[in-house]
Amino acid sequence: MRPDFVSEQNTPHLWALAQSGVFFAEHHPVYPSATEVNGTALATGAYPAHSTVLGNKEFRPEIDPERPVSIENPSVIPPRR
């Protein structure tokens with residue numbers, strides 16, 4: 001989202017959050033254009049090597065042996081150990 005879209009009128013909750021000190025004027029992703037990777041890094045502070053989130057899709061043959069699955073899909077999130 002473009003920074004000029006974040007305003008009290010357009011995005012009141014996001015605007016309030018930015019006013020309290022959470023604002024990235026020049027944010028740069030830790031890994032080129034992989035949304036899940038960047039979101040994980042921003043939320044946890046962990047780089048991909050530590051979080052193990054390396055892309056938006058992963059090959060998990062136990063779920064689908066034919067193609068990669070989208071990691072944002074709740075059905076592919078492994079249960080807690």
Side-chain angles (χ1 to χ4, degrees):
M1 177 183 326
R2 293 183 358 207
D4 62 327
F5 185 74
V6 178
S7 68
E8 192 169 16
Q9 296 76 31
N10 293 332
T11 56
H13 296 291
L14 190 55
W15 181 85
L17 189 61
Q19 298 306 303
S20 68
V22 182
F23 184 79
F24 296 93
E26 297 183 37
H27 173 66
H28 297 284
V30 299
Y31 195 80
S33 61
T35 306
E36 297 300 321
V37 178
N38 293 321
T40 301
L42 185 58
T44 66
Y47 283 94
H50 181 74
S51 72
T52 70
V53 177
L54 303 175
N56 291 342
K57 294 182 180 265
E58 292 182 359
F59 180 64
R60 296 192 184 169
E62 67 278 5
I63 296 172
D64 188 338
E66 301 288 323
R67 62 190 61 84
V69 295
S70 297
I71 66 166
E72 74 274 4
N73 184 339
S75 68
V76 304
I77 299 171
R80 289 183 181 223
R81 294 179 189 188

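Side chains included, hydrogens not; waters and symmetry mates left out as well; all remaining heavy atoms used.
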| remark: For residues 42-57, the salt bridge (charged side-chain N to carboxylate O under 4.0 Å, His left out) pairs (sequence neighbours left out) are none
| note | All heavy atoms of Asp64 vs all of Phe59, minimum pair found to be O-CE1, 3.8 Å
| query | With Glu72, which residues qualify under salt bridge (charged side-chain N to carboxylate O under 4.0 Å, His left out), at least two apart? | reply | none
| note | In terms of heavy-atom contacts, Ile71 and Gly55 come closest through CD1-O, 3.1 Å
| query | Between Val6 and Leu14, what is the shortest heavy-atom contact and its length? | reply | CG2-CD2, 3.8 Å
| query | Which pairs count as salt bridge (charged side-chain N to carboxylate O under 4.0 Å, His left out) when at least one residue sits in residues 38-52, sequence neighbours excluded? | reply | none
